[in-house]
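Shown next, in structure tokens, is the structure this report addresses.
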Amino acid sequence: MRGQRVLVTGASGFLGTRLLAVLREAGAAVAATSRTARASSSEITWYQADLSQPEAAARLFDAARPEVVFHLASLVTGRRGIELVGPAFRANLATSVNVLVEASRAGCRRVVLAGSMEEPEPDEPAGSPYAVAKGAQALYARFFHALYATPVVTARIFMVYGEGQGDVAKVIPYSILEALGGRPPKLSSGARPVDWIHVADVAEGLLALARAAKIEGRRCDLGSGQLVTVREVAERISLMVGGPPPEIGALPDRPLERVRRADVEATAAQTGFRPRIPLAEGLSRTIAWYRAERAAGRL
Ligand SMILES: NC(=O)c1ccc[n+]([C@@H]2O[C@H](COP(=O)([O-])OP(=O)(O)OC[C@H]3O[C@@H](n4cnc5c(N)ncnc54)[C@H](OP(=O)(O)O)[C@@H]3O)[C@@H](O)[C@H]2O)c1
């Protein structure tokens, strides 16, 4: 990636922050977007853009002239409420369509879209406003590749955790912070088996998807290939922190929850990428980070 012009959308977020660090190390010339104005540095040029607006996407591509795009901008929530249908459509699908149009016009070498394990299979209904928008994003990616030869790859990303996750309502940061505070985390049945992947592995995986040859039009899994239930993860955290055990069944289960496991062999064959951080190590690093943030009064 050395010297290449790389654009990261949603770069202020959990994955974006980590990806920026990896791209800087790889020597890329990085442009980044946020809807909030941010100061550029010698290493990163920030652009303020709401990419759900086509004109904003066009202005951004004119200014940044990227060769490679990582599209991470998104409204990331598994909540089911109907009030989220419009916002999820705009943040997760309209932004992607606008980015695909501009990247195709600009002749970008590679576009990597952040997809999700929540995307429905062709024969099943989506389980949330987020899931249906991500499913539609994958359809648009195939369409752009088939009709306009856009070199787009969708990363089907599994459940990400790790240092720096700002949404502390997500189950791992929530369980850690409750345990550190000496309170039992309140959970649903926790019976859902989930494929967890550490944020550092996801950043490396995204980079691999930008580099690999002959994967245009494909969808590649970024997960660990291992299923561990939410309950087991929360119980492990309580033990590691030395906090009270989680209160299982305190909350209702969400409807239409799917069980998916990443096909790590297929991703390795297509890109050479394999995740490296086992769950035990990832949890221990994550707990240490939240402990330090809490001690410093930042959480
Ligand atoms: N975290 C996970 O477990 C996970 C799992 C599977 C897939 N993914 C996917 O990975 C990507 C990154 O996730 P993340 O966890 O890093 O999410 P995040 O922390 O919420 O970051 C996403 C960023 O997107 C930006 N954004 C939202 N709406 C936008 C819009 N209309 N125009 C431009 N920017 C907009 C926001 O930044 P500003 O407020 O600064 O604009 C936000 O910080 C997302 O596409 C997500 O769906 C994440």
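All of these numbers come straight from a predicted model, not from anything done at the bench. For ligands, and for the atoms within them, numbers begin at 1 and follow the listed sequence. Sequence positions, counted from 1, serve as the residue numbers for this chain.
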Taking only heavy atoms of the protein into account, state which residues are under 4.0 angstrom from an atom of ligand 1, in chain and number order.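 Heavy-atom contacts below 4.0 Å: Gly10, Ser12, Gly13, Phe14, Leu15, Ser34, Arg35, Arg38, Ala49, Asp50, Leu51, Leu72, Ala73, Ser74, Val76, Ala91, Thr95, Ala114, Gly115, Tyr130, Lys134, Ile157, Phe158, Val160.
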
Mind listing the side-chain donor-acceptor pairs of residues 55-62 below 3.5 Å, one per line with the distance, residues two or more places apart or on another chain?
none

Please check if any side-chain donor atom of Ser189 sits under 3.5 Å from a side-chain acceptor atom of Asp253, or the reverse.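 A donor-acceptor contact under 3.5 Å links the two side chains.
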
Sequence neighbours left out, what passes ring-ring contact (aromatic ring centres under 6.0 Å, His included) with Phe144? Give chain and number order.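 Tyr148.
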
Identify, with sequence neighbours excluded, every residue that meets ring-ring contact (aromatic ring centres under 6.0 Å, His included) alongside Tyr161.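 So Tyr161 forms a ring-ring contact (aromatic ring centres under 6.0 Å, His included) with His198.
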
Using only atom types and a distance under 3.5 Å, with no angle test, would you say the side chain of Glu178 pairs donor to acceptor with the backbone of Gly243?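 No; judged by distance alone, with no hydrogens or angles, the pair does not exist.
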
Quick one: do His71 and Thr9 satisfy side chain to side chain donor-acceptor pair (under 3.5 Å)? Show the steps, please. CA-CA 5 Å; His71 178 49; Thr9 75; 2.7 Å; yes

